[in-house]
Asker: 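Could you have a look at this structure, given as structure tokens, before my questions?
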Amino acid sequence: MPHLASFRDFLKTGNLGPLTPALDLRATSDVLGPPGDWAYISNEDVFPLYWMYEGGLGCRLEINFEPSPPHAMQWFQIDGAEGLRQDVHVFGDQLALAMDGFHGRSRPSELLSSRVRENETVLLQFDPKDMMLVVSAGTVQIIFEMDSGDEDIPDAERRAMLADAFGTNRCFAEIERHYRMPGLYAFPRREAAPWPERPGQLSCAGDRYLASLEGEAPSPAFLSEPGISTT
């Protein structure tokens, strides 16, 4: 019988049931069994260190291992997470994921409003150039991208407006309906999780983000808090 994991628990802990980023290759095999597919990361690898377990509807559990023994896990991800549209998804033969009312088109504010994590510890990073939004909570990262098939994707002028609105007022709420969730990541250490800083990237704590969508203007101190970029 497959192990049953909880999506809510994943958001809180970074674990999918018994699958944790702290496992090495052998321990992962003991939990999930052999992968349905795999890939070699480099020509020097003796055996494949990138494992994949199909989940259906375009989503797949992917695991990347270190090249040196005991091949600790670097991270795992659910690729194509926008395909998480059923109540339960099965990855391979040994892991089932209960979505707990969430789905692959859940908006960032919906995840934050669930209060799975303390939102003051959640970091949102927004890149106005490509409209990417990354939500980092502990060892978990959730990637949001604009739906390329959406005819209402903002033009350059509106992108600038949304950059000004991010974390400061409810205008940014309009963009949420255009987002899709291409990837969910879990890392073995918190320090490995934050998305690399990019020029022009904006940052905002989760509680501030929610407050801005509700029309509550953040205090002036918000714009000068350590770690918050406004340029």
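Just so we're clear, the structure is a prediction, and the values are computed from it rather than from any experiment.
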Asker: Evaluate the side-chain proximity of Leu123 to Ser203: yes if any heavy-atom separation is below 4.5 Å, no if none is.
Answerer: yes

Asker: Quick one: are Pro108 and Leu133 in side-chain contact, heavy atoms under 4.5 Å?
Answerer: yes

Asker: Counting heavy atoms not belonging to Asp30, are there more than 12 under 6.0 Å from its CG?
Answerer: yes

Asker: Within this structure, what is the CG-CG distance for the pair Leu32 and Leu61, rounded to the nearest 0.5 Å?
Answerer: 6.5 Å

Asker: Step by step, would you call Tyr50 with Glu62 a side-chain hydrogen bond (donor to acceptor under 3.5 Å, both in side chains)?
Answerer: CA-CA 7 Å; Tyr50 198 89; Glu62 302 183 354; 2.4 Å; yes

Asker: Identify the residue among Val90, Ile78, Leu4 that makes a side-chain contact (heavy atoms from CB on, under 4.5 Å) with Leu97.
Answerer: Ile78

Asker: Kindly indicate, with the supporting measurements, whether the criterion side chain to side chain contact (heavy atoms under 4.5 Å, CB included) is fulfilled by His71 and Phe47.
Answerer: CA-CA 11 Å; His71 308 295; Phe47 48 83; 3.3 Å; yes

Asker: Atom CZ of Phe91 and atom CE of Met52: how far apart are they, to the nearest 0.5 Å?
Answerer: 14.0 Å

Asker: Name all residues meeting the side-chain hydrogen bond (donor to acceptor under 3.5 Å, both in side chains) criterion together with Asp37; count only those two or more places apart in sequence or in a different chain, and write none if there are none.
Answerer: none

Asker: Fit a plane to each ring of Phe166 and Tyr209, take the angle between them on a 0 to 90° scale, and name the class: parallel (under 30°), tilted (30 to 60°) or perpendicular (over 60°).
Answerer: tilted

Asker: Are any non-hydrogen side-chain atoms of Pro2 and Leu95 less than 4.5 angstrom apart?
Answerer: no

Asker: Just verifying a value: how many Å separate Glu214 CD and Ser109 OG, rounded to the nearest 0.5 Å?
Answerer: 9.0 Å

Asker: For the residue pair Phe7 and His89, is the inter-centroid distance of their aromatic rings smaller than 6.0 Å?
Answerer: no

Asker: Would you say the ring centers of Phe76 and Phe187 fall short of 6.0 Å from each other?
Answerer: no

Asker: Mind checking the CD-NE2 spacing from Glu174 to His178? Nearest 0.5 Å is all I need.
Answerer: 7.5 Å

Asker: Apply side-chain hydrogen bond (donor to acceptor under 3.5 Å, both in side chains) to Glu66 and list each qualifying residue two or more places apart in sequence or on a separate chain.
Answerer: Gln74

Asker: Given 3.5 Å as the limit, does a donor-acceptor pair link the side chain of Arg105 with the main chain of Gly83, or not?
Answerer: no

Asker: To check you understand the geometry: which heavy-atom pair defines the closest contact between Cys59 and Leu84, and what is its length?
Answerer: SG-CD2, 3.8 Å

Asker: Just checking, any donor-acceptor pair under 3.5 angstrom between side chains of Asn15 and Thr20?
Answerer: no

Asker: Would you find more than 12 non-hydrogen atoms of other residues, nucleotides or ligands less than 6.0 Å from Asp130 atom CG?
Answerer: yes

Asker: Is it true that a side-chain atom of Arg208 and a backbone atom of Gly167 form a donor plus acceptor pair closer than 3.5 Å?
Answerer: no

Asker: Taking Asn119 for its side chain and Leu112 for its backbone only, find out whether a donor-acceptor pair lies under 3.5 Å.
Answerer: yes

Asker: Would one find more than 12 heavy atoms of other residues, nucleotides or ligands at under 6.0 Å from atom CD of Glu120?
Answerer: yes

Asker: Would you compute the distance between atom CD of Glu145 and atom CG of Asp127 and round it to the nearest 0.5 angstrom?
Answerer: 11.0 Å

Asker: Do the side chains of Arg8 and Ser114 get nearer than 4.5 Å, heavy atoms only?
Answerer: yes

Asker: Could you list the donor-acceptor pairs under 3.5 angstrom formed by side chains in residues 21-29, with sequence neighbours left out?
Answerer:
from	atom 1	to	atom 2	distance (Å)
Asp24	OD1	Arg26	N	3.3
Asp24	OD1	Ala27	N	2.9
Thr28	OG1	Asp24	O	2.8

Asker: List the atom of Pro18, the atom of Val31, and the distance in Å for their closest heavy-atom pair.
Answerer: CG-CG1, 3.6 Å

Asker: Taking all heavy atoms of Arg117 and all of Thr13, pick out the closest pair and write down the distance.
Answerer: NH1-N, 4.4 Å

Asker: Test side chain to side chain contact (heavy atoms under 4.5 Å, CB included) on Gln125 and Ser136; report intermediate values, then the result.
Answerer: CA-CA 8 Å; Gln125 296 165 282; Ser136 299; 3.9 Å; yes

Asker: State, with a plain yes or no, whether a side-chain heavy atom of Met73 is found less than 4.5 Å away from one of Ile63.
Answerer: yes

Asker: Walk me through it: do Ser6 and Asp100 pass the test side-chain hydrogen bond (donor to acceptor under 3.5 Å, both in side chains)?
Answerer: CA-CA 7 Å; Ser6 160; Asp100 300 329; 2.5 Å; yes

Asker: Counting N and O atoms only, with roles assigned by atom type, does the side chain of Arg60 sit under 3.5 Å from a partner on the main chain of Gly55, one being a donor and the other an acceptor?
Answerer: no

Asker: Would you say that Tyr40 contacts Leu49 through its side chain, given a criterion of any heavy-atom pair below 4.5 Å between the two side chains?
Answerer: no

Asker: Under the criterion side-chain contact (heavy atoms from CB on, under 4.5 Å), which of Val122, Ile142, Val135, Leu184 is the partner of Leu11?
Answerer: Ile142

Asker: Does any N or O in the side chain of Tyr53 come within less than 3.5 Å of the main-chain N or O of Gly33, such that one atom is a donor and the other an acceptor?
Answerer: yes

Asker: Any chance you could lay out the side chain to side chain contact (heavy atoms under 4.5 Å, CB included) test for Phe144 and Val134, step after step, and finish with the verdict?
Answerer: CA-CA 6 Å; Phe144 292 92; Val134 179; over 6 Å; no

Asker: To the closest 0.5 Å, what do you measure between CG (Asn64) and CD1 (Ile41)?
Answerer: 4.0 Å

Asker: Please examine the side chains of Glu176 and Leu213, heavy atoms only from C-beta on, and report whether any two atoms are closer than 4.5 Å.
Answerer: yes

Asker: Do Tyr179 side-chain atoms and Met131 backbone N/O form a donor-acceptor pair below 3.5 Å?
Answerer: yes

Asker: Is there side-chain contact between Ser113 and Leu210, with heavy atoms separated by less than 4.5 Å?
Answerer: yes

